[in-house]
Amino acid sequence: MSQCAGSALTQLSEEEQIFRDTVRRFAVEQIGPLVRGMDESQQMDSALVQKLFQLGLMGIEVPEEYGGAGGSFFNAILAVEEISAVDPAVGVMVDVQNTLCVNALVRWATEEQKKKYLSQLASGTVGSYALSEAGSGSDAFALQMRATRRGDAYVLNGQKLWITNAKESGLFIVFATLDPAAGYKGITAFLVEKGAP
Ligand SMILES: Cc1cc2nc3c(=O)[nH]c(=O)nc-3n(C[C@H](O)[C@H](O)[C@H](O)COP(=O)(O)OP(=O)(O)OC[C@H]3O[C@@H](n4cnc5c(N)ncnc54)[C@H](O)[C@@H]3O)c2cc1C
């Protein structure tokens, strides 16, 4: 068996340890006292969401040029792990924001889209990743939502389900098919701002 040249994943760098400990302290001290109330009222505490932004936990991987923390995907995982140990609902909010929404934009968005939306996601806009439908969970390519070009816009028709952060979100990454006959190759994603018709 060959040995890995780098450190094992269980050995955090000093920077990662400091980051993890900071998030852990925040989760225990600031989220912990709110958990029961949020569960009972089935509401995310809006002041808590603002604190998550202030600490940079909603834009961990957003490059600094767009106002983010310029961290790594691994930093995002550390944050999600520490927050989830205290409140998995807040953990999944931070997870979807960072590892789905921000990550998709960092990888696939145009420069113009990055400038606009990554800055928003780092500074106060919650994001959602709308892929699943009633008949399409693990089998994501079975999605039915249709996108049809009308003039210089697209019309999206269909329904999504189980969309994390939907209530708080200002931006939705919505998956739809332009051509069902093309299978997965017909599927693309749209950036839909809250309130769009
Ligand atoms: C807390 C939470 C948050 C979520 N947030 C979002 C979100 O933000 N955006 C979004 O789009 N979706 C979201 N979802 C939906 C989630 O992505 C789906 O629940 C997931 O894709 C599974 O789909 P399903 O529930 O329809 O289960 P199914 O796909 O019906 O799967 C049911 C079971 O069958 C197994 N299975 C499925 N296919 C196979 C196969 N081919 N071979 C063997 N076993 C198989 C699965 O492993 C599973 O155990 C969320 C779900 C949860 C629970």
Side-chain angles (χ1 to χ4, degrees), residues 23 27 31-32 34-46 48-50 52-53 57-62 68 73 75-109 113-114 117-118 120-148 154-180 182-196:
V23 179
I31 303 177
L34 303 173
V35 175
R36 187 173 186 136
M38 291 195 292
D39 273 358
E40 285 176 356
S41 65
Q42 296 180 35
Q43 296 278 346
M44 194 61 79
D45 185 293
S46 56
L48 171 62
V49 178
Q50 288 315 310
L52 292 168
F53 278 104
L57 294 175
M58 296 295 268
I60 295 170
E61 261 195 292
V62 174
F73 188 80
N75 282 140
I77 301 306
L78 287 175
V80 171
E81 194 171 58
E82 291 305 322
I83 293 170
S84 299
V86 173
D87 188 336
V90 181
V92 81
M93 167 177 252
V94 171
D95 188 356
V96 167
Q97 178 87 359
N98 286 285
T99 71
L100 294 183
C101 295
V102 166
N103 197 268
L105 286 167
V106 166
R107 283 165 188 255
W108 306 111
Q113 290 166 338
K114 284 183 190 177
Y117 292 114
L118 283 176
Q120 291 182 6
L121 289 173
S123 63
T125 300
V126 177
S128 279
Y129 192 88
L131 175 66
S132 301
E133 300 176 1
S136 152
S138 307
D139 187 9
F141 295 149
L143 65 77
Q144 297 292 310
M145 179 169 269
R146 279 299 302 267
T148 314
Y154 285 92
V155 176
L156 302 181
N157 264 315
Q159 290 187 333
K160 296 291 178 182
L161 209 61
W162 307 302
I163 307 308
T164 300
N165 299 346
K167 207 170 153 191
E168 290 81 16
S169 279
L171 179 67
F172 298 78
I173 301 178
V174 182
F175 289 80
T177 178
L178 281 162
D179 179 9
Y184 72 89
K185 289 188 173 169
I187 297 173
T188 187
F190 295 84
L191 292 164
V192 181
E193 294 179 19
K194 181 181 184 172

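In this text the structure is predicted, and so the values were computed from the model without any measurement. Start at 1 and go down the list; that is how both ligands and their atoms are numbered.
Every side-chain contact (heavy atoms from CB on, under 4.5 Å) that Q113 has, sequence neighbours left out, goes to A109, T110, Y117, L191. Applying the side-chain contact (heavy atoms from CB on, under 4.5 Å) rule to N75 yields the partners E15, E16, F19, I60, S72, L78; only residues at least two apart in sequence or on another chain are considered.
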Please set out all donor-acceptor pairs under 3.5 angstrom arising from side-chain atoms of residues 135-148, sequence neighbours excluded.
| residue | atom | partner | partner atom | Å |
| --- | --- | --- | --- | --- |
| S136 | OG | D139 | O | 3.3 |
| S136 | OG | A140 | O | 3.4 |
| Q144 | NE2 | A142 | O | 3.2 |

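Near ligand 1, heavy-atom contacts under 4.0 Å come from Y129, L131, S132, G137, S138, W162, I163, T164.
One N or O on the side chain of K160 and one on the backbone of F175 form a donor-acceptor pair closer than 3.5 Å. Between the side chain of Q97 and the backbone N or O of L121 there is at least one donor-acceptor pair closer than 3.5 Å. Between the N98 side chain and the V94 main chain, a donor and an acceptor come within less than 3.5 Å of each other.
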